[in-house]
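Starting from 1, each residue takes its place in the sequence as its number.
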Amino acid sequence: MNWQHVYDAFPVNRELIWLNNCGTTPAGAHVVAAVQRFLEGYSRRGILTDAGNYAEFGHRIKTILGKLLGCRERELALIHNTAEGMNFLSRGIALFPGDEIVLLENEYPSNVYPWRHWAQKGVSLVHAPMAQTPEMFLEKLAVRLNARTRVVAVSAVHWCTGMPLPIAAIGRLCRERDILLIVDGAQGVGMQPMDVAATGISAMAFSAWKWLMGPLGLGVLYLPEENLEKFQPVFQGTESVVNDQQYLPYKTQLKPTADRFTFSTAGLVDWAYFSAALSFLEDIGFDAVRSRIYALSDFATQRLMASGLKVVSTDFATHPTGIVVCEKPGVAAAVLVERLGRAGIVATERLGRVRLSPHIYNSFDQIDRAVEVLSTAR
C-alpha cells in the first residue's frame, strides 16, 4: 500500500500532526471533492441533481458498513450520534422496578446519561469496575451479573485507556443469562474487528467521525432483525412508516427495518461526506486500515517506552489497539498536552494521562516528533 499517497490525501498534514483520531478525524481531500461535487449539483438542480441522493448515499454507506460489521443493510439506521442511539435503545426497552442495568466504570457520558432515567423508575444502575486486562474485566463482570441484571451496556474499547473489551465473551455471558448486550461502538468500529452477529450484540450505536473518518453529527444504529420489536421507537416521523413517500392517508405500520429510527429528513451533505470517507477506507481495505493503525500505535508505544514514559497498553499487549495512553513521572498530563499543542501536535488528556491515537494518514516521522516533544518536556 502506498501510504505516502494516503498521507498526501489529508490537508491537515500540511499544518498539524493530528493524533486525536479517536476523538475526531479531519476530512481528506477526497471528501472535500465529493461534498463539493454534491453541493454544486444541488445548487444547479436542487434535490433533482444527479450528483447523489438519499437512496444512493444510504445504500453505499450501509453496504460498506454491513460488510464491515457482518450484518444486513436493513439492520442499520443512520442517526446523528452515539448518544442519540443510546437514548433510542434505553427509552425503547421495557424494564421493571427491581431490574438492573450494568454500565462501565469511567464510561463515556454518551453511554451513561441515556440510562439515568431508569433510576427514577426503580431500576438499579451499577458500574462494572475496569481492570488492567480484558480477561480480568470479564472475570469481574461475570461476578457482578445476577438474576436481576437485564442489560449490560458497555463500550467496545475504553476511551480513556484504549483497552478493547472482550465483546464476544461478554456476548456469550449475556446470552447464557438472557441479558441484553448493548454496545457503544464509537471507539471500536473501524479500529477493532467486529462481527456483530457472531458476538451476540443485541444492539449498538456509534459515531461516524472517529475511526470511520466521517462527519461530525452523523451516527449509526445497529439493531438486528430478531431484536427489532424489543426496542419501540420513542419518536416517529414521516420516514418511520412503510410507504413513507406516500404522505396520505396516514400510516400506522412501522418500517420492518432499523430505518424506522431514521424518522425524518437527514443531512444529505453528511451522507455524501460519509459515503466518500467509507469508500476511501474500503478501497484500501479495512484489514489493511487496522494493520496500519496498529503498526503506528505499536511504533508509538515502543518509542515512548524507550524514552522513559509509561504506556498503559503494555498491560494488555496481546490485544492490539489504536489508542496509546501514556504518562511521564513528574510531569502533569496537562503540561504534556500543552507542550504538544505548542509544537502543532494534537492530542488530549484522559484520566491524568496523555492519549494519542494515530490513523492511516499519519506517518512514523510524525510519531517520532510527538515522542520527541514528550520525552524532552520538563
Side-chain angles (χ1 to χ4, degrees), residues 65-77 82 85-105 107 110-112 114-115 118 123-131 133-158 163-189 191-206 220-232 256-258 261 316 318-319:
L65 289 178
K67 293 176 183 176
L68 176 64
L69 297 172
C71 68
R72 307 176 184 90
E73 288 183 42
R74 59 192 287 114
E75 296 176 321
L76 297 169
T82 305
M86 287 299 172
N87 272 285
F88 286 157
L89 299 172
S90 175
R91 301 274 176 177
I93 56 174
L95 297 177
F96 303 94
D99 288 346
E100 181 179 271
I101 299 170
V102 176
L103 305 174
L104 183 62
E105 181 183 27
E107 174 66 288
S110 291
N111 198 19
V112 175
W115 300 100
W118 283 112
V123 174
S124 299
L125 301 181
V126 300
H127 289 80
M130 272 303 295
T133 69
E135 293 80 10
M136 292 169 64
F137 175 78
L138 185 65
E139 292 177 6
K140 290 185 176 183
L141 177 65
V143 172
R144 188 66 196 80
L145 302 181
N146 57 63
R148 297 169 50 212
T149 308
R150 295 289 176 268
V151 175
V152 170
V154 296
S155 286
V157 176
H158 200 287
M163 188 180 84
L165 271 68
I167 297 298
I170 295 173
R172 288 192 294 271
L173 206 61
C174 290
R175 285 196 301 275
E176 292 168 359
R177 293 162 171 78
D178 196 25
I179 296 170
L180 291 173
L181 172 58
I182 297 177
V183 174
D184 173 344
Q187 294 292 0
V189 177
M191 187 267 279
Q192 289 289 327
M194 193 172 294
D195 185 327
V196 289
T199 53
I201 293 174
S202 305
M204 179 170 67
F206 55 94
V220 182
L221 179 68
Y222 160 69
L223 196 51
E225 287 183 287
E226 62 269 24
N227 290 336
L228 188 62
E229 298 305 324
K230 295 179 182 178
F231 299 90
Q232 296 304 307
T257 68
F261 289 92
F316 46 91
T318 57
H319 301 272

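- No option in L138, V183, I201 other than L138 meets the side chain to side chain contact (heavy atoms under 4.5 Å, CB included) test with I170.
- Counting all heavy atoms, side chain and backbone alike, H127 lies closest to L104 at CD2-O, 3.3 Å.
- Annotation: side chain of I93 is not in contact with side chain of R150 (no heavy-atom distance under 4.5 Å).
- Q232 places a side-chain N or O within donor-acceptor distance of the main-chain N or O of E229, the cut-off being under 3.5 Å.
- Remark: the R148 side chain and the S124 side chain contain an N/O donor-acceptor pair separated by less than 3.5 Å.
- E225 and E75 make their closest contact through N-OE2, 3.0 Å (heavy atoms, listed as atom of the first residue, atom of the second, distance).
- When all heavy atoms are compared, the tightest approach of L145 to R177 is CD1-CD, 3.9 Å.
- When the shell of 6.0 Å around CG of D178 is examined, it contains 12 or fewer heavy atoms from other residues, nucleotides or ligands.
- With hydrogens and angles ignored, the 3.5 Å screen pairs no side-chain donor or acceptor of E73 with any backbone N or O of G66.
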Intermediate values then yes/no, side-chain contact (heavy atoms from CB on, under 4.5 Å), I182 and M86: CA-CA 8 Å; I182 297 177; M86 287 299 172; 3.8 Å; yes
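- Once rounded to the nearest 0.5 Å, the distance linking OH of Y222 with OG of S202 reads 8.5 Å.
- Nearest heavy-atom pair across P129 and E105 is CA-OE1, 3.3 Å.
- Separating the CG atom in L180 from the CG atom in L95 is a distance of 8.0 Å, to the nearest 0.5 Å.
- At a threshold of 4.5 Å between non-hydrogen side-chain atoms, the residues F206 and L69 count as touching.
- One finds the CD atom of Q192 at 10.0 Å from the CG atom of L165 (value rounded to the nearest 0.5 Å).
- There is a side-chain donor-acceptor pair under 3.5 Å between H319 and E135.
- Heavy atoms only, all atoms of each residue included: L181 and C174 are closest at CB-SG, 4.0 Å.
- Residues L76 and C71 are in side-chain contact: their nearest non-hydrogen atoms beyond the backbone lie under 4.5 Å apart.
- When all heavy atoms are compared, the tightest approach of A197 to G70 is CB-O, 4.0 Å.
- Distance CH2/W115 to CG/L125: 9.5 Å, rounded to 0.5 Å.
- Each of D184, N87, T82 was scored for a side chain to side chain contact (heavy atoms under 4.5 Å, CB included) with P114, with one residue passing: N87.
- Atom CZ of F137 sits about 7.0 Å away from atom CE of M163, to the nearest 0.5 Å.
- Rounding to the nearest 0.5 Å gives a distance of 13.0 Å between CG of L173 and CZ of R144.
- W118 places no side-chain N or O within 3.5 Å of a backbone atom of D99 that could act as its donor or acceptor partner.
- Crowding of K140 atom NZ: a count of heavy atoms from other residues, nucleotides or ligands under 6.0 Å exceeding 12.
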